[in-house]
Amino acid sequence: MCRQTSLGDLYGYLLKRPKSSSQLDQIHAQIIVSGLHQDNSLIMKLIISLMACGKQMIASLIFNQVEYPNVLWTSMIRGYSCYGHFRESILLYARMRHQHLCPNNFSFPFVLKSCAGLKALSEGEQIHADVVKLGFVSDVFVQTSVLDMYVKCSRIETAKQVFDGMTVKNVVSWTAIIAGYCRHGFLDMAQELFHDMPVRNVVTWNALIDGLAQFGDIERARWYFDHMPEKNTVSWTIMIGGYSRAGDVANARLLFDKMIDKEVVAWTVMISCYVQNGKPGEAIKLFHEMLRTNIMVDEVIMLALISAATQLGSLNVCAWIENCISECGFGSDIRILNAVVNMYVQCGNIEKAFNAFKKIPKKDVISYNSMITGYAHHGDANCALSLFSMMIDAKIQPNSITFTGILTACAHRGLVDEGRRYFHLMRDLGSIVPKMEHYACMVDLLGRAGFIDEAHNLISSMPIRPEASIWGALLGACKIHGNLELAESIAQKLFEIEPENPGNYAILANMYVERKMWDAATRVRMMMKRRGVCKTPGSSWAEVSQLFDFGCQIRI
DNA sequence: TTAGGGTTAG
């Protein structure tokens with residue numbers, strides 16, 4: 001760009017929406033050199049372009065240097081909102097109001113979208129108050145945004161009140177409230193409004209079909225799909241997704257094959273359909289088919305594919321996926337990198353999981369949790385614990401899932417002292433209130449190691465009602481350590497809480513058999529028969545083997 | 001301003 005760039009040239013460059021930030025730097029420099037840095041119209045285009053390529057910090061600096069920003073406030077609010085910086089968008093709106101500046105009809109839809117995105121109801125309500133106070137109640141754009149904000153913040157009744165109060169409604173307002181009812185499962189209300197509304201567009205039809213498909217009324221969804229006046233790719237995709245959720249892979253594929261213009265979303269839905277319905281091989285096959293088209297692979301389809309590989313459990317496929325990830329340039333997407341760690345953990349290859357973990361440049365709590373849990377299930381408590389130390393050193397705040405992993409690791413290896421220490425550390429370090437699974441680990445750990453009273457006391461001290469699995473762990477410990485008296489009282493409790501679980505009967509009966517207390521064993525066996533527990537399907541292998549020990553006939 | 005995709009720790 002030459003130094004004597006005209007104003008027209010600068011507009012031209014900005015209207016082309018250049019993607020490279022170095023180009024934008026040059027344009028910005030040129031604007032300054034030309035003394036146009038207070039030209040709001042030009043700066044507005046620069047700000048939007050900067051936002052589009054993720055340079056919101058620079059956009060903000062430029063904005064702050066403009067003496068009379070006027071309409072630029074809205075540009076900034078819009079830029080933040082459109083590129084997902086919802087918090088910044090709301091904060092800027094607040095700053096604007098703090099300076100007693102008045103938002104315009106374009107500011108509201110964007111800042112309200114940010115509130116919706118964050119489910120920031122309280123902020124949304126304050127902005128709604130501004131809408132009323134500043135006289136935008138008859139603006140259909142603004143009112144529809146208010147309505148939609150309430151829908152997304154799960155305040156469907158308030159949204160309906162706003163809708164009813166609107167003096168002017170358009171197809172978007174009607175669609176927004178119908179989509180709101182669909183989202184919350186009020187399908188009758190949605191259908192009533194759908195039939196009442198004067199004009200419908202394809203978005204309205206799609207919203208209703210999606211609602212019906214989401215909530216399982218796939219046949220009615222199909223009826224609307226077949227009767228809609230015009231379909232777009234979204235309509236087809238919604239219907240395929242509906243069949244997928246209903247487990248109807250054949251119909252999903254039938255529609256997918258009939259689709260003319262398949263874009264990446266449709267491919268993702270079909271691939272996920274195979275994954276969610278236990279056909280990961282088909283998912284991979286379909287992805288290969290997609291690669292033969294001109295469709296661009298994106299992060300979302302890559303995550304669906306990782307899911308397929310995780311389910312498939314083939315290391316060759318995993319390696320191929322890793323290759324795809326680096327070829328596509330997704331190597332810095334933390335969601336993808338975490339999913340890869342999990343993929344190897346689930347496939348049982350802890351070394352490869354750790355290699356993938358090491359490659360994550362900026363690890364987050366999920367990265368650490370995936371790996372710690374991987375080690376825990378793999379029985380490698382030392383690695384799990386040292387990773388925990390690394391996590392603390394890296395200033396990553398552990399959460400309740402981290403401690404579930406740590407306590408599981410301790411329980412697997414019988415590390416009682418460490419388990420006790422981490423159980424207490426949980427509160428001290430992270431102010432984390434122990435949940436059911438933490439208590440379950442501790443009871444299992446203490447009980448197996450023979451600290452039955454301590455485990456029992458821990459259960460008694462629980463502020464939440466212990467689940468059957470907690471008592472089950474203690475019953476198992478009683479069996480290991482031959483504490484019949486406590487086992488009897490726990491078993492009685494379990495017979496009431498989960499009378500259908502054959503394992504509890506089997507443990508108690510086996511304990512009687514070990515002591516040659518035949519009558520007592522028979523009583524348990526009779527109770528089990530009376531309740532038809534033997535025939536309960538879905539027993540775990542541990543339970544089944546216990547039943548065989550007990551001499552009970554079980555049909556598998 | 002309204003409609004469609006995925007995922008990770010338990």
Side-chain angles (χ1 to χ4, degrees), chain A residues 81 105-106 108-110 112-113 116 139-149 151-152 163 166 169-180 182-183 197 200-211 213-214 228 231-242 244 263-273 275-276 283 298-308 310 333-343 345-346 356 360 364-377 391 398-408 435-438 440-441:
Chain A
S81 174
N105 55 329
F106 290 105
F108 287 116
F110 296 112
L112 286 164
K113 186 183 164 190
D139 187 308
V140 65
F141 260 63
V142 173
Q143 284 297 87
T144 304
S145 303
V146 171
L147 183 168
D148 187 53
M149 179 276 294
V151 163
K152 305 259 166 75
F163 177 77
M166 285 172 75
K169 299 178 178 86
N170 63 16
V171 63
V172 180
S173 337
W174 281 89
T175 305
I177 191 70
I178 288 170
C182 285
R183 181 187 279 249
M197 70 188 288
R200 303 171 195 99
N201 66 14
V202 66
V203 181
T204 325
W205 283 85
N206 287 346
L208 183 64
I209 292 169
D210 191 40
Q214 292 267 4
M228 65 195 295
K231 299 176 182 59
N232 62 13
T233 52
V234 178
S235 328
W236 288 85
T237 313
I238 286 169
M239 209 53 227
I240 295 168
S244 170
E263 30 170 41
V264 69
V265 181
W267 288 90
T268 311
V269 172
M270 196 60 228
I271 285 173
S272 302
C273 172
V275 177
Q276 282 152 14
D298 70 6
E299 289 88 343
V300 179
I301 200 160
M302 192 48 85
L303 281 166
L305 203 69
I306 297 171
S307 220
T310 306
D333 187 316
I334 185 81
R335 298 164 309 169
I336 288 183
L337 299 176
N338 285 343
V340 170
V341 172
N342 180 61
M343 173 177 82
V345 164
Q346 303 290 323
I360 304 179
D364 64 6
V365 64
I366 297 175
S367 325
Y368 280 97
N369 284 356
S370 304
M371 205 57 230
I372 288 173
T373 310
Y375 279 129
H377 290 303
M391 182 180 184
N399 63 18
S400 103
I401 297 167
T402 320
F403 283 99
T404 307
I406 289 295
L407 295 177
T408 305
K435 291 186 189 168
M436 197 66 74
E437 53 269 26
H438 303 115
C441 286

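Chain naming here is simple, since letters A, B, ... match the order of the sequence lines and numbering starts at 1 in each. Heavy atoms only: backbone and side chains are in, while hydrogens, waters and symmetry mates are out.
Between the CG atom of A:N369 and the P atom of B:dT8 there is a distance of 14 Å, rounded to whole Å. At whole-Å resolution of the value, CD1 in A:I401 and P in B:dT8 are 11 Å apart. Between the CG atom of A:N338 and the P atom of B:dT8 there is a distance of 11 Å, rounded to whole Å. Residue A:Q346 contributes atom CD, which lies 13 Å from atom P of B:dT7 at whole-angstrom precision. Put simply, CD1 on A:I406 is 16 Å from P on B:dA9, counting in whole angstrom units. Here the C1' atom of nucleotide B:dA9 and the CD1 atom of A:I334 are 12 Å apart, to the nearest Å.
Distances shorter than 4.0 Å separate some side-chain N or O of A:N342 from OP1 or OP2 on B:dA9.
Remark: A:D148 pairs with A:K152 by the salt bridge (Lys or Arg N to Asp or Glu O under 4.0 Å) rule, at least two apart or across chains. A:R183 meets the salt bridge (Lys or Arg N to Asp or Glu O under 4.0 Å) test with no other residue; sequence neighbours excluded. Under the salt bridge (Lys or Arg N to Asp or Glu O under 4.0 Å) criterion, A:D364 pairs with no residue, sequence neighbours left out. Annotation: side-chain contact (heavy atoms from CB on, under 4.5 Å) contacts of A:I209 (sequence neighbours excluded): A:A221, A:Y224, A:F225, A:M228, A:I238, A:M239.
The two residues A:N105 and A:V142 come nearest to each other via the heavy atoms O-CG2, 3.6 Å.
At a threshold of 4.0 angstrom between heavy atoms, the contacts of A:H377 are confined to the sugar-phosphate backbone, with no base atom among them.
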ask   = What does nucleotides 1-6 of chain B look like as a protein-contact string, B for base, S for sugar-phosphate only, - for none, at under 4.0 angstrom between heavy atoms?
value = BBBBBB

Please tabulate, one pair per line, all N/O donor-acceptor pairs under 3.5 Å involving side-chain atoms of residues 264-273 of chain A, not counting sequence neighbours.
{"residue": "A:T268", "atom": "OG1", "partner": "A:V264", "partner atom": "O", "Å": "2.7"}
{"residue": "A:S272", "atom": "OG", "partner": "A:T268", "partner atom": "O", "Å": "2.8"}

